[in-house]
Amino acid sequence: RDRDRLTRPASLGASPPPSSSCLPHWSRSVPVPRYARLLAFIVMAAAAPGVSAKAKVVGLGEVLFDVFSPSKRLLGGAPANFAYHSSLMGNDGYVASCVGDDELGKLATATLDAHGVDTFFIQRSMTCPTGKVMVTLAAGQPTYEIELGAAWDELEFTTSWAELAKSADAVCFGTLAQRSAPSREAIRAFLESLPPHCITVFDINLRQDYYDADSLSTGLQAARICKLNDEEAQPLMSTLKPAAAPLASLEECADFLLADYPGLALICITCGAQGVSLVSRTARVKVPCVKVEVVDTIGAGDAFTAALVAQLMTQPNLELELGEPTAMPLELGESVLSSAAAFASRYASHVCSSAGAMPQPPSWLPECIGPALLKRTAGADQDASVPSVRDEGASP
């Protein structure tokens with residue numbers, strides 16, 4: 001069915017080799033077997049003392065193309081966006097999804113590979129096409145028409161997915177990929193296989209009518225962090241509590257979620273030009289947005305989530321404080337939230353000033369996260385054969 005049949009030796013772990021930009025030039029120019037390339041990387045890694053392991057961050061769910069016109073389409077999907085931006089933050093970004101056995105599927109995996117995102121765990125459907133979304137922009141704000149019967153509607157929890165789940169440090173998932181029963185079951189099985197320290201982020205992403213009380217409630221029970229935007233707060237509450245009165249404030253939504261779902265540690269509500277509100281069990285923080293000239297807002301929320309998680313993962317003893325899934329949730333203080341949200345807001349504003357969900361990183365990012373970004377992207381920037389995240393080809 002897919003690349004899950006290409007299993008790795010247990011001694012090598014679940015992680016596949018990095019992108020070709022990390023390998024010697026001869027391994028990129030001369031066709032060699034898959035494991036010969038991997039062996040070359042292992043030899044190089046063994047000769048580089050002091051290299052520390054990076055966090056393994058997973059985007060779980062849909063991979064798709066945002067189609068703006070017959071000649072303009074951009075790679076996206078919230079989990080793919082999250083993994084892409086996580087890799088730019090210096091972490092190892094993975095995507096667990098499914099694409100079709102078609103040209104768009106090949107383009108999606110090649111593009112993500114070229115930009116430092118691990119695609120080994122992207123399955124390939126022989127019956128459904130790679131997902132597409134028709135996007136209409138009005139004053140920079142998108143509306144979506146999501147095609148049915150996409151490859152990510154048939155996600156499968158495989159052995160390799162189980163191994164990825166067991167080693168994950170952070171996972172972001174949403175509601176859209178759970179619109180079909182097979183994918184919903186696969187996502188839940190993945191979440192149930194996560195280690196206790198893993199930071200689970202439920203980015204609800206309410207799209208059309210592809211959500212219900214079951215997917216929302218189950219997602220909230222599995223999450224440590226819930227992220228939504230201000231327009232999703234009332235639909236979320238109306239779905240979970242149909243008889244409840246309309247929300248008086250966004251803080252009321254956050255208070256309800258923290259009260260009814262004891263595993264949640266943080267509620268993040270983005271408010272567009274009004275900034276973002278973060279509510280934990282010990283603090284409430286509001287951070288203004290960074291003013292930019294908006295091209296479009298596609299993927300800005302996913303970029304914010306990736307940057308926020310990257311910042312929170314740098315906090316001392318975060319994994320220990322999270323504890324077991326049944327333990328008391330993490331208590332995040334005001335200073336930690338303010339700093340993380342300010343960084344994430346600045347980064348999301350950069351995405352708003354560019355077209356599409358996966359623009360090139362801002363020039364200031366390396367100084368904020370250290371040399372990891374430069375090391376990760378240097379090869380791709382110099383390789384003319386690397387495909388762009390933007391594809392201006394003919395409509396499929």
Side-chain angles (χ1 to χ4, degrees), residues 1-17 53-63 77-84 86-87 91-99 109 112 117-124 151-178 180-203 215 218-227 263-265 305-306 309-310 312-313 318-320 322-327 329-330:
R1 166 187 165 82
D2 58 22
R3 283 180 287 177
D4 280 327
R5 294 180 179 176
L6 299 176
T7 56
R8 301 184 181 85
S11 60
L12 298 180
S15 297
K54 299 177 182 178
K56 184 175 289 187
V57 181
V58 181
L60 174 63
E62 67 274 11
V63 169
N81 298 339
F82 174 79
Y84 169 76
S86 294
S87 71
N91 295 315
D92 285 333
Y94 293 75
V95 175
S97 185
C98 185
V99 297
T109 54
L112 289 169
V117 179
D118 192 297
T119 62
F120 184 87
F121 302 94
I122 296 181
Q123 301 167 352
R124 192 171 298 277
W152 48 265
D153 283 318
E154 53 175 44
L155 301 180
E156 183 179 342
F157 185 66
T158 60
T159 301
S160 66
W161 272 33
E163 292 302 314
L164 176 64
K166 292 176 183 177
S167 61
D169 298 302
V171 174
C172 184
F173 67 102
T175 56
L176 180 55
Q178 298 187 61
S180 71
S183 292
R184 183 177 298 197
E185 293 176 4
I187 289 173
R188 290 182 179 179
F190 191 100
L191 296 173
E192 291 170 358
S193 302
L194 296 172
H197 76 269
C198 185
I199 301 174
T200 46
V201 184
F202 185 32
D203 187 354
S215 62
T218 303
L220 289 165
Q221 291 171 17
R224 291 293 176 270
I225 299 173
C226 175
K227 182 261 177 186
L264 284 171
T305 304
V309 170
L312 292 179
M313 291 180 72
L318 177 62
E319 296 177 359
L320 296 178
L322 280 170
E324 297 293 332
T326 56
L330 173 68

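- Atom CG of L191 is separated from atom OG1 of T218 by 10.0 Å, given to the nearest 0.5 angstrom.
- Side-chain atoms of S167 come within 3.5 Å of backbone N or O of L164 as a donor-acceptor pair.
- Evaluation of the ring-ring contact (aromatic ring centres under 6.0 Å, His included) rule for F82 yields no partner, not counting sequence neighbours.
- Across every non-hydrogen atom of A165 and P195, the tightest pair is O-CD, 3.1 Å.
- Here the CZ atom belonging to F190 is positioned 10.0 Å from the CD1 atom belonging to I187, to the nearest 0.5 angstrom.
- For the residue pair Q123 and E154, the shortest heavy atom distance occurs at OE1-O, 4.3 Å.
- At least one donor-acceptor pair closer than 3.5 Å links the side chain of S183 to the backbone N or O of W152.
- Of all the heavy atoms in A177 and G61, the pair that sits closest is CB-CA, 3.6 Å.
- Closest heavy-atom contact between A83 and G59: CB-N, 4.3 Å.
- Using a 30° and 60° split on the angle between ring planes, Y94 and F121 fall in the tilted class, from 30° to 60°.
- Between the N91 side chain and the K54 main chain, no donor and acceptor come within less than 3.5 Å of each other.
- Taking CZ of F173 as the start and CG of D203 as the end, the distance is 10.0 Å to the nearest 0.5 Å.
- Formation of a donor-acceptor pair under 3.5 Å by the S97 side chain with backbone atoms of V63 is found in this model.
- With hydrogens and angles disregarded, no donor-acceptor distance shorter than 3.5 Å links the side chain of E62 to the backbone of L176.
- Taking the side chain as every heavy atom from C-beta outward, M313 and V57 approach each other to under 4.5 Å.
- For the pair S87 (side chain) and D92 (backbone), a donor-acceptor distance under 3.5 Å is absent.
- For the atom pair OG1 (T119) and CZ (R124), the distance works out to 9.0 Å, reported to the nearest 0.5 Å.
- In this structure, V309 and C172 have side chains that are not in contact, with every pair of non-hydrogen atoms separated by 4.5 Å or more.
- The existence of a salt bridge linking E163 and K166 is confirmed by a sub-4.0 Å separation between a basic side-chain nitrogen and an acidic carboxylate oxygen.
- The shortest distance between side-chain heavy atoms of F202 and L264 does not fall below 4.5 Å.
- The shortest distance between side-chain heavy atoms of Q178 and R188 falls below 4.5 Å.
- Across every non-hydrogen atom of T200 and A223, the tightest pair is OG1-CA, 3.3 Å.
- Going from atom CG of L60 over to atom CG of L155 covers 7.0 Å, rounded to the nearest 0.5 Å.
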